[in-house]
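Below is one structure, written out as C-alpha coordinates, with a few remarks after it.
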Amino acid sequence: MKKFIIVLLTISMLVTFGGCTSKQKGEDSKVEEIKKAGKVVVGTAADYPPFEFHKEINGKDEIVGFDIEVAKAIAEDLGVELEIIDMKFEGLLPALVTNDIDFIVAGMSADEERAKSVDFSTSYYEGVQRLVIRKDDSDKLKNPEDFKGFKIGAQKSTEQEDVAENQFTEAEKIYLANITDLVLEVKNKKIDGLILAEPVAEAYVKRNSDLFLADIVLEKEDGYAVAVNKGTADLLGFINKTLDRLIKEDQIDKLIQEATQLSEQ
(Lines give C-alpha, C1' and ligand atoms only; values in the text may rest on other atoms or scores of the structure.)
Protein backbone atom coordinates (compact mmCIF):
# COMPACT_ATOMS: atom_id res chain seq x y z
CA MET A 1 0.00 0.00 0.00
CA LYS A 2 2.83 2.37 0.94
CA LYS A 3 4.55 1.60 -2.37
CA PHE A 4 1.32 2.38 -4.23
CA ILE A 5 0.94 5.73 -2.42
CA ILE A 6 4.58 6.63 -3.09
CA VAL A 7 4.17 5.82 -6.78
CA LEU A 8 1.06 7.99 -6.96
CA LEU A 9 2.83 10.85 -5.18
CA THR A 10 5.83 10.51 -7.49
CA ILE A 11 3.64 10.59 -10.60
CA SER A 12 1.72 13.56 -9.19
CA MET A 13 4.95 15.44 -8.49
CA LEU A 14 6.31 14.69 -11.97
CA VAL A 15 3.12 15.90 -13.61
CA THR A 16 3.07 19.03 -11.43
CA PHE A 17 6.73 19.87 -11.94
CA GLY A 18 6.55 18.87 -15.58
CA GLY A 19 3.61 21.22 -16.04
CA CYS A 20 5.46 24.05 -14.34
CA THR A 21 8.55 23.49 -16.45
CA SER A 22 6.51 23.43 -19.64
CA LYS A 23 4.74 26.62 -18.63
CA GLN A 24 8.00 28.35 -17.79
CA LYS A 25 9.50 27.39 -21.14
CA GLY A 26 6.42 28.56 -22.99
CA GLU A 27 5.65 31.72 -21.04
CA ASP A 28 6.19 33.89 -24.11
CA SER A 29 5.63 32.76 -27.68
CA LYS A 30 8.05 34.07 -30.29
CA VAL A 31 5.57 36.72 -31.40
CA GLU A 32 4.96 37.82 -27.80
CA GLU A 33 8.73 37.95 -27.25
CA ILE A 34 9.16 40.18 -30.31
CA LYS A 35 6.30 42.48 -29.29
CA LYS A 36 7.75 42.85 -25.80
CA ALA A 37 11.13 43.76 -27.29
CA GLY A 38 9.44 46.30 -29.58
CA LYS A 39 11.49 45.19 -32.57
CA VAL A 40 12.01 42.29 -34.94
CA VAL A 41 15.45 41.51 -36.36
CA VAL A 42 15.78 40.42 -39.99
CA GLY A 43 18.95 38.97 -41.46
CA THR A 44 19.83 39.61 -45.09
CA ALA A 45 22.77 39.74 -47.50
CA ALA A 46 22.54 43.18 -49.09
CA ASP A 47 24.44 42.67 -52.33
CA TYR A 48 21.54 41.26 -54.32
CA PRO A 49 19.71 44.05 -56.22
CA PRO A 50 16.80 44.48 -56.61
CA PHE A 51 16.05 42.16 -53.67
CA GLU A 52 18.39 43.74 -51.09
CA PHE A 53 21.17 46.26 -51.66
CA HIS A 54 22.84 49.36 -50.28
CA LYS A 55 21.69 52.73 -51.56
CA GLU A 56 22.60 56.28 -50.53
CA ILE A 57 19.37 58.08 -49.70
CA ASN A 58 19.46 61.68 -48.50
CA GLY A 59 23.18 61.31 -47.88
CA LYS A 60 22.77 58.19 -45.74
CA ASP A 61 23.62 54.59 -46.59
CA GLU A 62 20.41 52.54 -46.44
CA ILE A 63 19.62 48.88 -47.06
CA VAL A 64 16.70 48.79 -49.47
CA GLY A 65 15.04 46.47 -51.97
CA PHE A 66 12.10 44.19 -52.63
CA ASP A 67 12.89 41.78 -49.78
CA ILE A 68 13.36 44.69 -47.38
CA GLU A 69 9.88 45.95 -48.23
CA VAL A 70 8.54 42.47 -47.47
CA ALA A 71 10.36 42.55 -44.11
CA LYS A 72 8.96 46.01 -43.39
CA ALA A 73 5.43 44.73 -44.05
CA ILE A 74 5.99 41.88 -41.58
CA ALA A 75 7.29 44.29 -38.93
CA GLU A 76 4.39 46.68 -39.53
CA ASP A 77 1.83 43.90 -39.10
CA LEU A 78 3.61 42.87 -35.89
CA GLY A 79 3.45 46.49 -34.72
CA VAL A 80 7.20 46.69 -34.00
CA GLU A 81 10.33 48.34 -35.36
CA LEU A 82 12.45 46.54 -37.96
CA GLU A 83 16.16 46.05 -37.35
CA ILE A 84 18.18 44.92 -40.38
CA ILE A 85 21.42 42.96 -40.01
CA ASP A 86 23.53 42.65 -43.15
CA MET A 87 25.86 39.65 -43.34
CA LYS A 88 27.31 37.13 -45.77
CA PHE A 89 24.69 34.83 -47.24
CA GLU A 90 26.27 31.66 -45.85
CA GLY A 91 26.14 33.14 -42.35
CA LEU A 92 22.39 33.69 -42.34
CA LEU A 93 21.21 30.21 -41.38
CA PRO A 94 23.71 29.83 -38.50
CA ALA A 95 22.67 33.27 -37.19
CA LEU A 96 19.01 32.23 -37.28
CA VAL A 97 19.60 28.91 -35.55
CA THR A 98 21.48 30.67 -32.71
CA ASN A 99 18.69 33.28 -32.40
CA ASP A 100 20.93 36.21 -33.37
CA ILE A 101 18.18 37.16 -35.82
CA ASP A 102 14.43 36.48 -35.82
CA PHE A 103 13.92 35.67 -39.49
CA ILE A 104 15.66 35.73 -42.88
CA VAL A 105 14.53 37.55 -45.99
CA ALA A 106 17.32 37.31 -48.54
CA GLY A 107 16.18 35.84 -51.83
CA MET A 108 16.47 32.43 -50.19
CA SER A 109 14.87 29.38 -51.74
CA ALA A 110 13.29 26.77 -49.49
CA ASP A 111 15.33 23.74 -50.48
CA GLU A 112 15.29 20.42 -48.64
CA GLU A 113 18.76 20.80 -47.11
CA ARG A 114 17.97 24.19 -45.52
CA ALA A 115 14.60 22.91 -44.32
CA LYS A 116 16.43 20.41 -42.08
CA SER A 117 17.55 23.24 -39.79
CA VAL A 118 14.90 25.97 -40.27
CA ASP A 119 11.26 26.34 -41.30
CA PHE A 120 10.07 28.24 -44.36
CA SER A 121 7.06 30.38 -45.17
CA THR A 122 4.95 30.05 -48.27
CA SER A 123 6.80 31.14 -51.40
CA TYR A 124 6.42 34.83 -52.22
CA TYR A 125 8.45 35.05 -55.44
CA GLU A 126 9.46 32.66 -58.22
CA GLY A 127 11.92 33.39 -60.96
CA VAL A 128 14.60 31.93 -63.19
CA GLN A 129 18.38 31.70 -63.24
CA ARG A 130 20.31 33.58 -65.93
CA LEU A 131 23.87 33.74 -67.20
CA VAL A 132 25.89 36.98 -67.21
CA ILE A 133 29.00 37.16 -69.38
CA ARG A 134 31.21 39.86 -70.87
CA LYS A 135 29.72 41.47 -73.96
CA ASP A 136 32.87 40.58 -75.91
CA ASP A 137 32.17 36.88 -75.28
CA SER A 138 28.51 36.92 -76.33
CA ASP A 139 29.22 35.02 -79.56
CA LYS A 140 31.21 32.18 -78.00
CA LEU A 141 29.69 31.60 -74.52
CA LYS A 142 26.00 30.92 -75.10
CA ASN A 143 25.37 27.64 -73.27
CA PRO A 144 26.80 25.67 -70.33
CA GLU A 145 28.52 23.33 -72.82
CA ASP A 146 30.54 26.29 -74.15
CA PHE A 147 32.25 26.69 -70.77
CA LYS A 148 34.60 23.73 -71.11
CA GLY A 149 37.97 25.14 -70.10
CA PHE A 150 36.34 28.38 -68.85
CA LYS A 151 35.40 29.61 -65.37
CA ILE A 152 31.85 29.99 -64.08
CA GLY A 153 31.03 31.92 -60.90
CA ALA A 154 28.21 31.82 -58.36
CA GLN A 155 27.50 33.04 -54.85
CA LYS A 156 28.38 30.57 -52.09
CA SER A 157 25.62 28.45 -50.52
CA THR A 158 22.97 29.50 -53.04
CA GLU A 159 20.79 27.85 -55.65
CA GLN A 160 23.11 29.39 -58.24
CA GLU A 161 25.94 27.25 -56.87
CA ASP A 162 23.79 24.17 -57.44
CA VAL A 163 23.12 25.25 -61.03
CA ALA A 164 26.87 25.65 -61.62
CA GLU A 165 27.52 22.15 -60.27
CA ASN A 166 24.69 20.49 -62.18
CA GLN A 167 24.79 22.28 -65.54
CA PHE A 168 28.35 23.59 -65.97
CA THR A 169 30.00 20.22 -65.48
CA GLU A 170 33.02 20.97 -67.69
CA ALA A 171 33.72 24.45 -66.28
CA GLU A 172 36.01 25.47 -63.44
CA LYS A 173 33.84 26.76 -60.59
CA ILE A 174 34.54 29.90 -58.57
CA TYR A 175 32.32 30.53 -55.54
CA LEU A 176 32.54 33.76 -53.55
CA ALA A 177 30.49 35.22 -50.70
CA ASN A 178 29.60 38.55 -52.36
CA ILE A 179 27.97 39.10 -55.74
CA THR A 180 29.69 42.45 -56.19
CA ASP A 181 33.04 40.64 -55.96
CA LEU A 182 31.89 38.09 -58.52
CA VAL A 183 30.78 40.80 -60.93
CA LEU A 184 34.19 42.46 -60.64
CA GLU A 185 35.87 39.11 -61.33
CA VAL A 186 33.86 38.83 -64.57
CA LYS A 187 34.67 42.40 -65.59
CA ASN A 188 38.38 41.84 -64.83
CA LYS A 189 38.41 38.60 -66.86
CA LYS A 190 39.14 36.36 -63.91
CA ILE A 191 35.75 34.63 -64.28
CA ASP A 192 34.08 34.08 -67.66
CA GLY A 193 30.44 33.84 -66.58
CA LEU A 194 28.23 34.39 -63.57
CA ILE A 195 24.93 32.73 -62.63
CA LEU A 196 22.35 35.07 -61.07
CA ALA A 197 18.60 35.27 -60.47
CA GLU A 198 17.01 37.06 -63.42
CA PRO A 199 16.14 40.41 -61.77
CA VAL A 200 19.61 40.54 -60.19
CA ALA A 201 21.29 39.68 -63.49
CA GLU A 202 19.29 42.35 -65.31
CA ALA A 203 20.16 44.96 -62.68
CA TYR A 204 23.91 44.36 -62.95
CA VAL A 205 23.89 44.24 -66.76
CA LYS A 206 22.03 47.56 -66.95
CA ARG A 207 24.64 49.14 -64.68
CA ASN A 208 27.62 47.71 -66.57
CA SER A 209 27.78 48.30 -70.31
CA ASP A 210 30.55 45.71 -70.73
CA LEU A 211 28.33 42.90 -69.43
CA PHE A 212 25.79 40.86 -71.38
CA LEU A 213 22.76 38.77 -70.43
CA ALA A 214 22.85 35.49 -72.36
CA ASP A 215 19.60 34.39 -73.96
CA ILE A 216 19.56 31.01 -72.24
CA VAL A 217 17.33 30.40 -69.22
CA LEU A 218 19.30 28.05 -66.97
CA GLU A 219 16.75 26.90 -64.42
CA LYS A 220 13.50 27.89 -62.80
CA GLU A 221 13.87 28.66 -59.10
CA ASP A 222 12.06 26.79 -56.33
CA GLY A 223 10.68 30.10 -55.08
CA TYR A 224 11.88 32.51 -52.43
CA ALA A 225 10.57 32.16 -48.89
CA VAL A 226 11.07 33.65 -45.42
CA ALA A 227 13.07 31.45 -43.03
CA VAL A 228 12.33 31.20 -39.29
CA ASN A 229 13.85 29.09 -36.56
CA LYS A 230 12.42 25.69 -35.69
CA GLY A 231 9.90 25.89 -32.86
CA THR A 232 8.52 29.32 -33.80
CA ALA A 233 5.31 28.23 -35.49
CA ASP A 234 3.44 31.28 -34.21
CA LEU A 235 5.87 33.63 -35.99
CA LEU A 236 5.73 31.52 -39.13
CA GLY A 237 1.93 31.68 -39.14
CA PHE A 238 2.05 35.44 -38.66
CA ILE A 239 4.51 35.86 -41.55
CA ASN A 240 2.39 33.68 -43.84
CA LYS A 241 -0.61 35.93 -43.15
CA THR A 242 1.42 38.98 -44.17
CA LEU A 243 2.67 37.26 -47.32
CA ASP A 244 -0.85 36.10 -48.21
CA ARG A 245 -2.07 39.67 -47.84
CA LEU A 246 0.70 41.07 -50.07
CA ILE A 247 -0.01 38.44 -52.72
CA LYS A 248 -3.80 38.98 -52.63
CA GLU A 249 -3.34 42.76 -52.87
CA ASP A 250 -1.07 42.31 -55.93
CA GLN A 251 1.72 44.06 -54.05
CA ILE A 252 4.52 41.64 -55.01
CA ASP A 253 4.91 42.72 -58.65
CA LYS A 254 4.56 46.37 -57.66
CA LEU A 255 7.27 46.10 -54.98
CA ILE A 256 9.74 44.30 -57.22
CA GLN A 257 9.21 46.83 -60.02
CA GLU A 258 9.82 49.72 -57.62
CA ALA A 259 12.93 48.02 -56.22
CA THR A 260 14.26 47.38 -59.73
CA GLN A 261 13.78 51.04 -60.65
CA LEU A 262 15.53 52.14 -57.44
CA SER A 263 18.48 49.83 -58.13
CA GLU A 264 18.93 51.40 -61.57
CA GLN A 265 19.03 55.01 -60.32
Side-chain angles (χ1 to χ4, degrees), residues 22-55 57-58 60-89 91-111 114-115 117-126 222-260 262-263:
S22 176
K23 187 177 180 182
Q24 286 168 357
K25 284 183 179 178
E27 278 183 357
D28 289 333
S29 69
K30 186 63 178 179
V31 170
E32 289 170 343
E33 179 186 311
I34 288 168
K35 289 186 175 182
K36 278 187 178 180
K39 70 174 182 179
V40 65
V41 183
V42 62
T44 195
D47 62 345
Y48 203 52
F51 293 95
E52 42 270 327
F53 56 100
H54 287 265
K55 186 79 174 178
I57 299 175
N58 298 323
K60 184 181 178 183
D61 179 59
E62 301 275 0
I63 297 176
V64 296
F66 166 57
D67 279 339
I68 303 305
E69 293 304 313
V70 171
K72 285 179 180 178
I74 293 168
E76 185 176 345
D77 286 352
L78 282 165
V80 297
E81 296 294 320
L82 178 68
E83 179 181 336
I84 304 169
I85 296 182
D86 183 18
M87 63 182 73
K88 290 181 179 179
F89 190 87
L92 288 169
L93 289 180
L96 182 60
V97 170
T98 55
N99 290 310
D100 291 327
I101 55 179
D102 296 315
F103 66 101
I104 297 170
V105 181
M108 182 175 282
S109 56
D111 63 33
R114 290 175 183 143
S117 57
V118 300
D119 289 331
F120 284 100
S121 70
T122 53
S123 174
Y124 61 89
Y125 177 82
E126 293 183 4
D222 292 335
Y224 293 161
V226 178
V228 301
N229 213 348
K230 295 283 187 183
T232 58
D234 61 321
L235 177 59
L236 183 62
F238 201 102
I239 288 171
N240 279 333
K241 285 182 181 179
T242 297
L243 295 177
D244 288 344
R245 175 178 63 79
L246 293 175
I247 292 167
K248 286 177 183 177
E249 293 175 357
D250 294 324
Q251 289 294 310
I252 298 298
D253 288 342
K254 178 175 177 286
L255 290 175
I256 198 164
Q257 287 169 13
E258 289 174 351
T260 300
L262 182 60
S263 72

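Worth saying up front: this structure is predicted, and the values here are computed from it rather than measured.
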All side-chain hydrogen bond (donor to acceptor under 3.5 Å, both in side chains) counterparts of Lys60, not counting sequence neighbours:
none
At what distance, to the nearest 0.5 angstrom, does NZ of Lys30 lie from CG of Asn99?
5.0 Å
Nearest-0.5 Å distance, CG of residue Asn58 to CG of residue Asp61:
12.5 Å
So which heavy atom on Val118 is nearest to which on Val228, and how close?
CB-O, 3.3 Å
Nearest 0.5 Å, what's the CD1-OG distance between Ile104 and Ser121?
11.0 Å
Taking it one step at a time, do Leu246 and Glu69 satisfy side-chain contact (heavy atoms from CB on, under 4.5 Å)?
CA-CA 11 Å; Leu246 293 175; Glu69 293 304 313; over 6 Å; no
I'd like to know whether Lys55 forms a side-chain contact (heavy atoms from CB on, under 4.5 Å) with Ser263, so could you lay out the CA-CA distance, the side-chain angles of the two residues, the decisive distance to 0.1 Å, and finally the verdict.
CA-CA 8 Å; Lys55 186 79 174 178; Ser263 72; over 6 Å; no
Measure from the side-chain N and O atoms of Asp77 to the backbone N and O of Thr242, and report whether any donor-acceptor pair falls under 3.5 Å.
no
Which heavy atom of Leu82 sits nearest a heavy atom of Phe103, and at what distance?
CD1-CZ, 4.4 Å
Taking every non-hydrogen atom, the tightest pair across Asp86 and Ala46:
OD1-N, 2.9 Å
Is there a side-chain contact between Val226 and Phe120 in this structure, where contact means two heavy atoms from C-beta onward sitting under 4.5 Å apart?
no
From the options Phe51, Phe66, Tyr124, select the one residue that forms a side chain to side chain contact (heavy atoms under 4.5 Å, CB included) with Val105.
Tyr124
Would you mind reporting whether Met108 and Leu93 have side-chain heavy atoms less than 4.5 Å apart?
yes
Partners meeting side-chain contact (heavy atoms from CB on, under 4.5 Å) with Thr122 (sequence neighbours left out):
Asn240, Leu243, Asp244
Salt bridge between Glu33 and Lys36, side-chain N to carboxylate O under 4.0 Å?
no
Partner residues of Glu83 under the side-chain hydrogen bond (donor to acceptor under 3.5 Å, both in side chains) criterion, sequence neighbours left out
Lys39
So, Asp100 and Thr98: side-chain donor and acceptor under 3.5 Å apart, yes or no?
yes
Please check: side-chain N/O of Asp67 versus main-chain N/O of Gly107, any donor-acceptor pairing under 3.5 Å?
yes
What distance separates Asp102 CG from Ile74 CD1, expressed to the nearest 0.5 Å?
11.0 Å
Please report the shortest heavy-atom distance between Glu126 and Ser123, naming the atom on each side.
CG-OG, 3.8 Å
Nearest heavy atoms of Leu96 and Asn229, plus distance in Å
O-ND2, 3.0 Å
Quick one: list whatever passes side-chain hydrogen bond (donor to acceptor under 3.5 Å, both in side chains) with Lys88, sequence neighbours left out.
none
State the CD-CD1 distance between Glu52 and Ile84, to the nearest 0.5 angstrom.
10.0 Å
Ile34 side chain near Leu235 side chain, heavy-atom distance below 4.5 Å:
yes
Scanning both residues in full, the closest heavy-atom pair of Gly43 with Leu92 reads C-CD2, 3.5 Å
Interatomic distance, Lys72 atom NZ to Glu81 atom CD [nearest 0.5 angstrom]:
11.5 Å
Looking at residues at least two apart in the chain, or sitting in another chain, which of them share a side-chain hydrogen bond (donor to acceptor under 3.5 Å, both in side chains) with Asp253?
none
Run the salt bridge (Lys or Arg N to Asp or Glu O under 4.0 Å) test against Lys35 and tell me which residues pass, sequence neighbours left out.
none
Donor-acceptor pair, side chain of Asp119 and main chain of Lys230, under 3.5 angstrom
no
Would you find more than 12 non-hydrogen atoms of other residues, nucleotides or ligands less than 6.0 Å from Lys241 atom NZ?
no
Does CD in Glu62 sit with more than 12 non-hydrogen atoms of other residues, nucleotides or ligands closer than 6.0 Å?
yes
Report the C-alpha distance between Phe53 and Val64 in whole Å, list the side-chain angles of each, state the deciding distance to 0.1 Å, and finish with yes or no for side-chain contact (heavy atoms from CB on, under 4.5 Å).
CA-CA 6 Å; Phe53 56 100; Val64 296; 3.5 Å; yes
